[in-house]
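This structure is a prediction, so every number in the text was calculated from the model and none was measured.
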Amino acid sequence: MEAALLRPPPLAARGGVSIAIAFSVSRLPSAAAAAAAGKPRKLAPPACRCRATPQWQLDFLGAEADTEADGGDDDDDLDLDLSLPAETNDWCVRARRSALRSIEARGLSPSLQRMVASPKKKNKKKKSKKTNLKQKKAAEPKPPRDTDDDEDDEEEADDDLEALLAGGGELDDLELRVAQFADGMFDEKRQRNREQFIQTLSAFSPAAPSNRSQEVSLNRSIVEARTADEVLALTAEVVAAVAKGLSPSPLTPLNIATALHRIAKNMEAVSMLQTHRLGFARSRDMSMLVGLAMVALPECSPQGVSNISWALSKIGGDLLYLPEMDRIAQVAITKVDSFNAQNVANVAGSFASMRHSAPDLISALTRRAAELVYTFKEQELAQFLWGCASLNECPYPLLDALDTACRDAPSFDCHLHDTVPGMWQSSDKEASSLKNSSNAYALNFTRDQIGNIAWSYAVLGQMDRPFFSGIWKTLSQFEERKISDQYREDMMFVSQVYLANQSLKLEYPHLDMCLRGDLEENLTKTGRSKRFNQKMTSSFQKEVGRLLCSTGHEWNKEYTIDGYTVDAVLVDEKLAFEIDGPSHFSRNLGTPLGHTAFKRRYIAAAGWNLVSLSHQEWENLEGEFEQLEYLRRILGFDAE
């Protein structure tokens, strides 16, 4: 006979309530069979009946079952295997009685009793005995729990439940009953899995004794590994060894951070596709390594926190590790006073590349960056400004510190360097640019760094600052022959400089800082290349575009306004309509990113009335009729 758990009936219910146990029931003997066996039914004394059928069993069986139990003989009252009377038609009672036999056969009566019976009052003697028992158990390892617990154990379980409820636990009635059923079998299994995972992670605690030689050897092996798979195999081997009893663990916080950093760096070295990175990130060993990193994060050095943040941004992109980045933000804020310029730039850049907003973290990093303004290298400065602009977080303290450095220096000179390193690559040959030990500052920016800084100031709306003026003047050294429409890096630089120049025309005409005519013309000509300007139309944009045709107006789609492509416009009305998908917003808070806010401000400055529709708004609408009505309302067509 098999029993499967559903929801038990309420304690106050009696008789014909909903069934609590689903099961397979074999046909029971009838009352005629009992009579044929020569067992007359007679009423037993009350004391005998109470002893044979406890009250909690009667509560479980229901009111009609209570009457049936009173009709049994002395011998059968000691056992619940009574024959049901033929006239009994309550299938609920029969089902509960059969379920009760199955539960008793499995030795699960104590758990069912706790579910059905009301809590018993405990006297001081039992409480004292229970306190001593708890103290004894605290000093000794707990033995495996037996299904036949005594009354003290049952009371202790009640106390744990009461403590859970008093502590603000939000378990509903069904979850509480499931946790207690089968002597806590289901809940214990889940707890054992959780404890096993926590025990595995605790084996890597930095407070444990260390073996310096093993740690150094593992670190060397991780650094020398040439592929991400090799690094992950090394860490997985150590995790397995620790689980089998290796102590102390050589997988320290330093080695964990180094392993993640090397995995990401090896992925970058071979330009691994994003689909392969995501598959790699979802593997069991990689998930365990990331879990270890989150546990060890508070013990990591500022460089370790920076490496973990950068690694997760490269491995998971903007699709994975959302709670992990929240965890990094919390820990980084507590360690920000120990960050150097490189740590500040890498953490800000990693959050920006993942579209993960963290206002409190960016604010703390900005204050720290203002303190370290004279220690920033060119690449670090460009990276931090780009990260803040991408998340639409203006770093006012750092901008003020940069302006102060420019004004205080008798001579402030910026140079355009010939080499073009990538956005995330730092050159060891670059010396620190802003040095407080001298009254003259020489900045050797690369072409891409100039483009990133110019774009950042344009997005932040801070192009009237002295530092930006000094940066912008270096473009006079730029030679157009270095630009080619065959390289994406060239096109990125051209688009950034072109948008910054257009922003100067539209928003800051009084500064008179626009590029000279020939340079502007050549940049514009190169930027019009179709090689890297192919726009992908999403299904969301297609759906909205189809309904736009039903508004009764002639829309021009994919219309270009001063270098920006707008989804749809009404030229005569100067009305621009933008359909903003998920990439226009931060993935965790849903706030507009820097490039989205800049585009809206840019189009408005060009004299257009811009209306934006986000995918969040569209998802809340049901049916084409409601969607069309919403479009007409936000576009101002209601009165027509």
With a cut-off of 3.5 Å and sequence neighbours excluded, list every side-chain donor-acceptor pair involving residues 256-267.
from, atom 1, to, atom 2, distance (Å)
Thr258, OG1, Leu254, O, 2.7
Arg262, NH2, Val223, O, 3.2
Asn266, ND2, Thr227, O, 3.4
Asn266, ND2, Arg262, O, 3.1

Looking at every heavy atom in both Phe468 and Ala454, which two are closest together, and how far apart are they?
CE1-CA, 3.9 Å
Indicate yes or no: at least one non-hydrogen side-chain atom of Leu399 is less than 4.5 angstrom from one of Tyr457.
yes
Is Arg368 positioned over the aromatic face of Phe339, cation under 6.0 angstrom from the ring centre and no more than 45 degrees off axis?
no
Treating Thr596 as the side-chain partner and Pro592 as the backbone partner, does any N or O pair qualify as donor plus acceptor under 3.5 Å?
no
Glu578 vs Lys599, test: side chain to side chain contact (heavy atoms under 4.5 Å, CB included). Steps then yes/no.
CA-CA 10 Å; Glu578 266 291 283; Lys599 183 177 182 178; 2.9 Å; yes
One pair to check against side chain to side chain contact (heavy atoms under 4.5 Å, CB included): Phe577 and Leu631. What are the steps and the verdict?
CA-CA 10 Å; Phe577 184 64; Leu631 285 178; 3.8 Å; yes
Charged N-O contact under 4.0 Å between Arg367 and Asp337:
no
Is there a donor-acceptor pair under 3.5 Å between the side chain of Glu619 and the backbone N or O of Gln616?
no
Mind listing the closest non-hydrogen atom pair of Met354 and Gly317 along with its distance?
CE-O, 3.1 Å
Residue list, salt bridge (charged side-chain N to carboxylate O under 4.0 Å, His left out) with Arg277, at least two apart or on another chain:
Glu268
Non-hydrogen atoms of Trp386 and Ala352 that approach each other most closely
CZ3-CB, 4.0 Å
Reference residue Asn343; test side-chain contact (heavy atoms from CB on, under 4.5 Å); the match among Pro302, Ser301, Ser338, Ser309:
Pro302
Sidechain-backbone polar pair: Asn588 side chain, Ser357 backbone, donor-acceptor under 3.5 Å:
yes
Before giving the answer on side chain to side chain contact (heavy atoms under 4.5 Å, CB included), spell out for Met286 and Leu232 the whole-Å C-alpha distance, their side-chain angles and the decisive distance to 0.1 Å.
CA-CA 7 Å; Met286 187 63 193; Leu232 187 59; 4.1 Å; yes
Donor-acceptor under 3.5 Å (Thr366 side chain, Pro397 main chain)
no
Under 3.5 Å donor-acceptor, Lys335 side chain and Pro298 backbone:
yes
Okay, side chain of Asn452, backbone of Asp448: is any donor-acceptor separation there less than 3.5 Å?
yes
Can you give me the closest heavy-atom contact between Gly451 and Val497, atom names plus distance?
CA-CG2, 4.4 Å
Does a donor on one side chain and an acceptor on the other come within less than 3.5 Å for Glu215 and Asn219?
no
For a quick check under 3.5 Å, do Glu224 and Ser221 share a side-chain donor-acceptor pair by atom type?
no
Which residues pass the salt bridge (charged side-chain N to carboxylate O under 4.0 Å, His left out) test with Asp360, not counting sequence neighbours?
none
Excluding sequence neighbours, so at least two apart, what forms side-chain contact (heavy atoms from CB on, under 4.5 Å) with Arg355?
Asp318, Arg587, Leu593
Minimal heavy-atom distance between Leu372 and Asn340, with the atoms involved, is CD1-C, 3.6 Å
Checking Glu299 side chain against Ala296 main chain: does a donor-acceptor pair fall under 3.5 Å?
no
Kindly give the heavy-atom pair with the smallest separation between Ser249 and Thr252, and that separation in Å.
O-CG2, 4.3 Å
Applying side-chain contact (heavy atoms from CB on, under 4.5 Å) to Asn556 and not counting sequence neighbours gives Tyr559, Val569, Val571
Partners of Arg546 by salt bridge (charged side-chain N to carboxylate O under 4.0 Å, His left out), sequence neighbours excluded?
Glu624
Using a 3.5 Å distance criterion without hydrogens, assess whether the side chain of Glu629 forms a donor-acceptor pair with backbone atoms of Phe625.
no
Donor-acceptor contact present, side-chain Gln449 to main-chain Phe445, <3.5 Å:
no
Mind running ring-ring contact (aromatic ring centres under 6.0 Å, His included) on His595 and His584 for me, showing each step along the way?
CA-CA 8 Å; His595 68 87; His584 291 263; 5.5 Å; yes
Thr334 side chain vs Val331 backbone, donor-acceptor pair below 3.5 Å
yes
Derivation and outcome, side chain to side chain contact (heavy atoms under 4.5 Å, CB included), residues Tyr564 and Phe598:
CA-CA 11 Å; Tyr564 264 125; Phe598 177 57; 3.2 Å; yes
Quick test of your reading of the model: are Arg327 and Glu324 salt-bridged, counting only N-O distances below 4.0 Å?
no
